[in-house]
Amino acid sequence: MRNNCIRKNLLILLLTLLLINLSCSVFAAKQTKIDLETAVTMALENNLNLKIAKVELARVSLEYQQNKASNLVNVSRYNDLEAEINLKSAQNTYQNTKYQVITDTIKQYTGLWLATYDLKVKAKQLEVRKRLVKEAKAQYKIGNIGTTDLIEKENDYSDTKLALETATDDYQQYIRELKRSLGLREEAELVLADLSSENSWQITEDQVVSTALKNSLELILKEKNLELAQIDAERAKISDAELDKKIKGKKVAAARLDKENTGDELENSVREDYHDFKESIEKIALTKDIWDETQEEYKISKKQYDVGLLTRTEAMQYEVSMMEAKYNYLSAIANYYLAKQALQQEMNLQSGVFEDGTAESQ
């Protein structure tokens with residue numbers, strides 16, 4: 001009888017451990033911890049528009065190879081150019097689609113990352129507002145403040161409560177959007193890794209401009225369109241009427257100006273993006289200094305509260321200031337990633353997010 005009891009207890013223990021293990025496994029399966037690089041990779045693999053652009057690029061590439069084979073018999077630079085333009089256009093469409101997916105994913109990731117901390121800030125702000133209303137009511141009862149002051153505190157509380165509700169809605173929206181982009185189920189629990197504030201990408205403005213001009217598929221297309229117009233104009237000299245020759249000559253002039261204009265616009269855009277990138281780095285340093293200052297002020301306020309020099313509400317206000325400063329710092333980091341992506345996209349680098357300055361062009 002005793003042995004049976006021991007066996008029964010052992011069986012119950014084993015079943016309990018098995019259930020605990022299964023519960024942990026289910027919980028772990030639902031939880032998805034990712035960093036920004038992983039999120040971008042998942043989004044690129046999941047995006048339907050990018051898949052369509054990739055298939056279309058493969059089709060045009062096959063047509064290009066077919067055209068080259070045909071041209072071995074009937075050599076025609078004009079036909080070659082038309083095929084090259086079609087191929088470059090498909091490459092450009094694919095590249096732009098890819099960059100759009102990367103940019104959207106960075107916005108969604110950083111948006112959710114910021115929204116997560118923003119909820120903490122607004123919850124603390126609401127807690128302080130609630131205490132201030134309570135204190136204002138007590139002051140009103142003894143006649144230290146009037147109705148206007150009390151209503152002002154109550155309105156501040158209502159506004160902060162509404163802001164928290166709005167932030168909660170925004171947070172849920174960011175979660176839905178990011179899960180959809182990554183191809184995750186609704187019940188999956190997302191855990192985001194923090195973004196680093198380190199900048200290891202060192203590059204000069206001149207390097208940025210020269211790389212962008214060299215790698216631009218738009219400029220390559222304009223160059224090929226110009227060459228196509230020039231061939232047309234040369235052909236016209238042989239047999240076309242004088243008016244046709246003039247028309248095709250104007251087409252050459254228009255194609256040349258179009259190419260020059262595209263180059264100028266690209267250079268201006270790249271320089272603006274470079275300045276935005278440099279400013280984003282400076283903003284990180286500035287907001288970090290402010291956050292450090294508020295942390296010191298909060299530490300001092302806690303000591304003052306402990307010895308009775310500050311009220312609990314006053315100490316909490318210092319805490320809110322510190323949390324707001326941290327949010328601004330995190331926001332600066334998020335903006336840096338977006339500015340970096342915009343610049344690297346203009347430069348047409350192979351990866352728009354994780355380059356360290358040694359990236360190869362497409």
Trainee: Please list every donor-acceptor pair under 3.5 Å in which a side-chain atom of residues 230-237 meets a protein atom from a residue at least two apart or in another chain.
Mentor:
{"residue": "D232", "atom": "OD2", "partner": "Y78", "partner atom": "OH", "Å": "3.4"}
{"residue": "E234", "atom": "OE2", "partner": "K237", "partner atom": "NZ", "Å": "3.1"}

Trainee: Among pairs that include at least one residue of residues 42-60, which meet side chain to side chain donor-acceptor pair (under 3.5 Å), considering only residues two or more places apart or in two chains?
Mentor: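 Residue pairs with at least one partner in residues 42-60: E56-R59, R59-E63.
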Trainee: Name all pairs fulfilling the salt bridge (charged side-chain N to carboxylate O under 4.0 Å, His left out) condition that reach into residues 261-279, sequence neighbours left out, sorted by first residue then second.
Mentor: E205-R271, E267-R271
Trainee: For a 4.5 angstrom cut-off between non-hydrogen side-chain atoms, does L310 reach K302?
Mentor: no
Trainee: Side-chain donor-acceptor pairs under 3.5 Å in residues 315-326, sequence neighbours left out?
Mentor:
{"residue": "S321", "atom": "OG", "partner": "Q317", "partner atom": "O", "Å": "3.1"}
{"residue": "E324", "atom": "OE2", "partner": "Q125", "partner atom": "NE2", "Å": "2.6"}

Trainee: Do I220 and L266 land in one hydrophobic cluster if side-chain heavy atoms of ILVMFWY residues count as linked below 4.5 Å?
Mentor: no
Trainee: For the residue pair N199 and Y336, confirm or rule out a side-chain donor-acceptor distance under 3.5 Å.
Mentor: yes
Trainee: What I want to find out is whether K68 reaches E84 closely enough, with some N-O distance under 4.0 Å, to be called a salt bridge.
Mentor: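 A salt bridge is absent here (no side-chain N lies under 4.0 Å from a carboxylate O).
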Trainee: Check whether L217 and L81 end up in the same hydrophobic cluster, where Ile, Leu, Val, Met, Phe, Trp and Tyr are linked by side-chain heavy atoms less than 4.5 Å apart.
Mentor: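 As far as the 4.5 Å side-chain criterion goes, L81 and L217 are not connected within one cluster.
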Trainee: Show me the donor-acceptor pairs, under 3.5 Å and distance only, between side chains in residues 161-170 and residues at least two apart or in other chains.
Mentor:
{"residue": "T166", "atom": "OG1", "partner": "L162", "partner atom": "O", "Å": "3.0"}
{"residue": "T168", "atom": "OG1", "partner": "L164", "partner atom": "O", "Å": "2.8"}

Trainee: Out of curiosity, does L126 fall in the hydrophobic cluster containing V128 (side-chain heavy atoms, cut-off under 4.5 Å, transitive links)?
Mentor: no
Trainee: Are any non-hydrogen side-chain atoms of V101 and V40 less than 4.5 angstrom apart?
Mentor: no
Trainee: Within a strict 4.5 Å, meaning less than it, do heavy atoms of the L221 and S89 side chains meet?
Mentor: yes
Trainee: Let me have the donor-acceptor pairs involving side chains of residues 137-150, under 3.5 Å, with sequence neighbours excluded, atom names and distances please.
Mentor:
{"residue": "Q139", "atom": "OE1", "partner": "N144", "partner atom": "ND2", "Å": "2.8"}

Trainee: Is the count of non-hydrogen atoms from other residues, nucleotides or ligands lying under 6.0 Å from Y329 atom OH greater than 12?
Mentor: yes
Trainee: Is there a path of hydrophobic side-chain contacts, each under 4.5 Å between heavy atoms of I, L, V, M, F, W or Y residues, that connects Y298 with I300?
Mentor: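 Looking at the clustering, I300 is in a separate group from Y298.
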Trainee: One thing to verify: whether K124 and E127 come together as a salt bridge, which I'm taking to mean a side-chain N less than 4.0 angstrom from a carboxylate O.
Mentor: yes
Trainee: For L182 versus A43, what's the shortest heavy-atom pair and its separation?
Mentor: CD2-N, 3.9 Å
Trainee: Is it true that the side chains of N348 and Y99 contain a donor and an acceptor less than 3.5 Å apart?
Mentor: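 The answer is yes; a qualifying pair exists.
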Trainee: Is E296 paired with K299 through a side-chain N to carboxylate O contact shorter than 4.0 Å?
Mentor: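 Yes.
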Trainee: With heavy-atom distances below 4.5 Å as the criterion, would you say the side chains of L343 and K340 are in contact?
Mentor: no
Trainee: Using the side chain to side chain contact (heavy atoms under 4.5 Å, CB included) criterion, which residues pair with A123? Sequence neighbours excluded.
Mentor: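 For A123 there are no side chain to side chain contact (heavy atoms under 4.5 Å, CB included) partners, ignoring immediate neighbours.
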Trainee: Which atoms form the tightest heavy-atom contact between S197 and I284, and what is the distance?
Mentor: CB-CG2, 4.2 Å
Trainee: Other residues, nucleotides and ligands only: do more than 12 of their heavy atoms fall within 6.0 Å of NZ on K259?
Mentor: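 Open: at most 12 neighbouring heavy atoms sit under 6.0 Å from NZ of K259.
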Trainee: Please examine the side chains of Y109 and I34, heavy atoms only from C-beta on, and report whether any two atoms are closer than 4.5 Å.
Mentor: yes
Trainee: Name all residues meeting the salt bridge (charged side-chain N to carboxylate O under 4.0 Å, His left out) criterion together with R131; count only those two or more places apart in sequence or in a different chain, and write none if there are none.
Mentor: none
Trainee: Is the shortest side-chain heavy-atom distance between D80 and N67 below 4.5 Å?
Mentor: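 Yes, at least one pair of side-chain atoms sits under 4.5 Å.
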Trainee: Which distance, rounded to the nearest 0.5 Å, do you find between the CD1 of I281 and the CG of N335?
Mentor: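 Result: 11.0 Å between the selected atoms.
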Trainee: Using atom types as modelled and distance alone, determine if a side-chain donor or acceptor of E314 lies under 3.5 Å from a backbone N or O of T311.
Mentor: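 Pair found, side chain donor or acceptor close to backbone of T311.
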Trainee: Please evaluate residues E282 and L286 with respect to the criterion side-chain contact (heavy atoms from CB on, under 4.5 Å), reporting the C-alpha separation (whole Å), side-chain torsions for both, the decisive distance (0.1 Å), and the verdict.
Mentor: CA-CA 6 Å; E282 294 170 3; L286 177 63; over 6 Å; no
Trainee: Using only heavy-atom distances, determine whether the side chains of Q173 and E177 contain a donor-acceptor pair under 3.5 Å.
Mentor: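 Side-chain D/A pair, Q173 to E177: present.
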Trainee: Taking only residues two or more places apart in sequence or in another chain, which ones pass ring pair (Phe, Tyr, Trp, His ring centres under 6.0 Å) with Y274?
Mentor: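 Applying ring pair (Phe, Tyr, Trp, His ring centres under 6.0 Å) to Y274 gives none.
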Trainee: Hydrophobic cluster membership, with links at side-chain heavy-atom distances under 4.5 Å among I/L/V/M/F/W/Y: are I290 and Y327 in one?
Mentor: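 No, no single cluster joins them.
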Trainee: Donor-acceptor pair, Y64 side chain versus I85 backbone, under 3.5 Å?
Mentor: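 It does not hold such a pair.
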Trainee: Find the distance between CG (L132) and CD (E154) and round it off to the nearest 0.5 Å.
Mentor: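 CD of E154 is found 12.0 Å from CG of L132.
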Trainee: Report the hydrophobic cluster partners of L226, with the cluster defined as I, L, V, M, F, W, Y residues connected by side-chain heavy atoms closer than 4.5 angstrom, directly or transitively.
Mentor: V252
Trainee: Which residues satisfy the side chain to side chain donor-acceptor pair (under 3.5 Å) test with K179, sequence neighbours excluded?
Mentor: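 For K179 there are no side chain to side chain donor-acceptor pair (under 3.5 Å) partners, ignoring immediate neighbours.
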Trainee: So how far is it from L44 CG to T105 OG1, rounded to the nearest 0.5 Å?
Mentor: 6.5 Å
Trainee: Kindly say whether F277 contributes a backbone atom to a donor-acceptor pair with the side chain of S280 at under 3.5 angstrom?
Mentor: yes
Trainee: Working note: K33 + L190, criterion side-chain contact (heavy atoms from CB on, under 4.5 Å); need CA distance, chi angles, decisive distance, verdict.
Mentor: CA-CA 6 Å; K33 186 170 184 179; L190 270 180; over 6 Å; no
Trainee: List the residues meeting salt bridge (charged side-chain N to carboxylate O under 4.0 Å, His left out) with K222, not counting sequence neighbours, and say none if there are none.
Mentor: D258
Trainee: Rounded to the nearest 0.5 Å, what separates atom CD1 in I52 from atom OG1 in T97?
Mentor: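 Here the rounded value is 9.0 Å.
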Trainee: Does T294 use its side chain to pair, donor to acceptor, with the backbone of W291 at less than 3.5 Å?
Mentor: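 Side chain of T294 to backbone of W291, a donor-acceptor pair under 3.5 Å: yes, one is there.
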Trainee: With side-chain contact (heavy atoms from CB on, under 4.5 Å) as the criterion, how do L112 and I175 come out once you've worked through the C-alpha distance, each side chain's angles and the decisive distance to 0.1 Å?
Mentor: CA-CA 7 Å; L112 179 55; I175 288 180; 3.5 Å; yes
Trainee: At what distance, to the nearest 0.5 angstrom, does CD of Q344 lie from OG1 of T211?
Mentor: 11.0 Å
Trainee: Is there a donor-acceptor pair under 3.5 Å between the side chain of T103 and the backbone N or O of Q100?
Mentor: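 No, the answer is negative, given that no donor and acceptor are paired below the 3.5 Å cut-off.
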Trainee: Taking the side chain as every heavy atom from C-beta outward, state whether E82 and L228 have any pair of such atoms under 4.5 Å apart.
Mentor: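 Yes - at least one pair of side-chain heavy atoms lies under 4.5 Å apart.
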Trainee: Contact between T93 and L57 at the side-chain level, heavy atoms closer than 4.5 Å - yes or no?
Mentor: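 When only atoms from C-beta onward are counted, L57 and T93 do not touch, as no gap falls below 4.5 Å.
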Trainee: For the pair K288 and D292, find out whether any cationic side-chain nitrogen is under 4.0 Å from an anionic carboxylate oxygen.
Mentor: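 Salt bridge present between K288 and D292.
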Trainee: Under a 3.5 Å distance rule, please check whether S216 uses its side chain to pair with a backbone N or O of L213 as donor and acceptor.
Mentor: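 Side chain of S216 to backbone of L213: no pair is present.
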Trainee: What's the verdict on side chain to side chain donor-acceptor pair (under 3.5 Å) for S181 and Q108, showing C-alpha distance, side-chain angles and the deciding distance?
Mentor: CA-CA 9 Å; S181 295; Q108 291 165 0; 2.8 Å; yes
Trainee: Any chance you could measure L219, atom CG, to K88, atom NZ, to the nearest 0.5 Å?
Mentor: 12.5 Å
Trainee: Is a side-chain N or O of S331 found less than 3.5 angstrom from the main chain of N328, in a donor-acceptor match?
Mentor: no
Trainee: Above 12 or not: heavy atoms from other molecules or residues under 6.0 Å from NZ of K248?
Mentor: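 Above 12, so yes.
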Trainee: Do T313 and E135 get their side chains close enough for a donor-acceptor pair, meaning under 3.5 Å?
Mentor: yes
